[in-house]
2 protein chains.
Amino acid sequence: MSRMAAGERRERLVDAAIAVMVREGVSAATTRAIVAEADMPLGSFHYCFRSKEELLGEVIEVITGHTLERALSEVVGEGELEERLRRGMRAYWQHVVEEPDEHRLTYELTQYAARQSGLAVVAERQYQTYLAANTRLIEALTDAEGKRLEWDAPVPVLARYVTAVLDGVTLLYLNEGNAAAAGEALDLVALHVAGLARRA
Amino acid sequence: MSRMAAGERRERLVDAAIAVMVREGVSAATTRAIVAEADMPLGSFHYCFRSKEELLGEVIEVITGHTLERALSEVVGEGELEERLRRGMRAYWQHVVEEPDEHRLTYELTQYAARQSGLAVVAERQYQTYLAANTRLIEALTDAEGKRLEWDAPVPVLARYVTAVLDGVTLLYLNEGNAAAAGEALDLVALHVAGLARRA
DNA sequence: CGCCGTCTTGGACGTACGACCAAGACGCTT
DNA sequence: AAGCGTCTTGGTCGTACGTCCAAGACGGCG
């Protein structure tokens with residue numbers, strides 16, 4: 001392997017780890033499988049990372065970022081509240097249907113992290129990030145169009161509702177495979193949430 | 001260990017496996033940890049089970065049964081549709097709050113099974129069982145009170161919606177820990193579903 | 001009592017894993 | 001050119017795992 005800064009090698013190993021995990025699951029991502037995917041000798045792993053746990057922490061942060069970028073960028077824009085909401089959800093949903101294995105991995109990683117005392121903090125932060133994102137989403141919906149809207153339910157409850165539904169529908173699709181029916185269930189939610197908004 | 005029929009030993013090993021998994025996760029449930037929990041010598045394991053995979057199949061079936069019994073028994077009964085629906089959901093929710101680790105295990109097992117080619121069928125059947133149960137739940141709601149109700153959305157979509165929300169809210173609570181907010185989100189759903197029913 | 005199928009058990013085998021190390025190669029600075 | 005910090009690498013250590021086996025113990029039936 002050509003000479004390379006330790007930092008860049010770290011990034012490559014993180015990418016390789018994600019590739020292996022998406023393809024074969026977290027448990028298949030052994031140090032040996034990861035360095036093989038990155039085409040590096042085994043020794044480089046523990047030169048770049050103190051432990052496998054340290055690498056997993058970075059993997060989780062990278063993956064969480066991927067997921068969030070999508071939906072948020074879509075809810076801001078033109079149109080009625082219901083239209084924008086539906087557009088944001090469809091953007092998220094499209095990503096799920098296109099890259100199901102990547103989403104399967106996020107759930108797997110969360111559970112793996114929750115069981116490891118050293119990574120439990122990371123798992124909690126992951127969900128708080130999701131909640132914060134959906135809170136911002138809901139607030140972005142009310143603020144647009146120059147008109148101030150109010151909700152029939154408290155924003156924290158709404159945020160949890162949206163977070164939970166997205167997670168639940170995704171999980172159901174991943175395990176059952178019926179994308180059409182799951183998508184319809186999401187539309188039902190979009191309609192519901194839009195109906196909860198009222199003009200102040 | 002006293003002499004015992006192979007069938008009974010199987011049951012004890014399944015119970016022991018569940019105990020270990022609830023306490024420490026699926027990955028900690030090694031053959032050695034399981035027989036230690038059951039207070040048996042290692043050799044008994046492969047006398048009772050062809051492989052560890054065979055045991056896991058039985059574990060999943062037992063656990064799935066546990067979860068379902070709760071909610072279903074509550075929706076049939078006296079009262080308005082919304083009241084019965086809320087009661088069923090609260091029954092399920094109470095079980096989640098009382099035994100979070102058992103629910104965490106169901107998700108863990110589903111993912112584990114989905115990755116194993118030999119157990120993928122079991123994972124799929126698990127979710128089809130959930131869907132079937134929630135379909136029956138919805139139909140039970142319409143049939144009661146002697147009046148026939150109809151829904152503003154197709155029953156299969158409703159069933160997926162309910163399944164997904166229960167899963168999602170549970171998962172969120174398990175990872176975030178805010179039981180009160182999650183419970184309120186469930187109430188929001190009960191109200192929503194009740195509103196979707198109309199008298200024919 | 002003696003047979004035979006069922007059950008019991010301690011130990012062993014091969015494999016795979018995370019982690020570690022020492023010896024050397026590289027390349028920038030002085 | 002010499003020195004030195006950074007990076008590279010193959011090999012190895014101890015541990016833990018799933019699985020298998022052979023030798024024996026038990027107990028119901030003829």
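Lettering of chains follows the sequences in order, A, B, ..., and the numbering in each one begins at 1. What's counted below: heavy atoms across the whole structure, side chains too, no hydrogens, waters or symmetry copies.
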Check: Asp187(B) and Arg90(B) side chains under 4.5 Å, non-hydrogen atoms: yes
Close side-chain approach of Tyr130(A) and Leu166(A), heavy atoms under 4.5 Å: no
Member of Arg32(A), Lys52(A), Met40(A) meeting the side chain to side chain contact (heavy atoms under 4.5 Å, CB included) criterion with Phe45(A): Lys52(A)
Atom pair distance, as rounded to whole Å: CG in Leu42(A) and P in dC20(C): 12 Å
One thing to verify: whether Glu184(B) and Arg160(A) come together as a salt bridge, which I'm taking to mean a side-chain N less than 4.0 angstrom from a carboxylate O. no
Please report the distance, rounded to the nearest Å, between CZ in Arg10(B) and P in dT6(C). 16 Å
Between Ile34(B) and Leu13(B), what is the shortest heavy-atom contact and its length? CG2-O, 3.7 Å
Footprint string (nucleotides 24-30 of chain C, 5' to 3'): B base within contact, S backbone only, - free, heavy atoms under 4.0 Å: -BBS---
Heavy-atom closest pair (Leu55(A) atom, Ala17(A) atom, distance to 0.1 Å) is CD2-CB, 3.9 Å
Does anything in residues 20-41 of chain B come within less than 4.0 Å of DNA chain C? Heavy atoms only, and list the residues if so. Arg32(B), Pro41(B)
Out of curiosity, does Leu42(A) fall in the hydrophobic cluster containing Tyr47(A) (side-chain heavy atoms, cut-off under 4.5 Å, transitive links)? no
Rounded distance in Å - CG (Leu56(A)) to P (dA19(C)): 11 Å
Would His192(B) and Tyr161(B) count as a ring pair (Phe, Tyr, Trp, His ring centres under 6.0 Å) here? Give the steps. CA-CA 11 Å; His192(B) 178 208; Tyr161(B) 174 54; 5.4 Å; yes
Do Tyr127(A) and Leu131(A) have side chains that approach each other closer than 4.5 Å (heavy atoms only, starting at C-beta)? no
Could you check which residues of residues 44-54 of chain A get a heavy atom under 4.0 Å from DNA chain C? Sort them by number, please. His46(A), Ser51(A), Lys52(A)
Using whole Å, report how far CG of Leu13(A) lies from P of dG18(C). 13 Å
So does Asp15(B) pair up with Arg12(B), basic N to acidic O under 4.0 Å? no
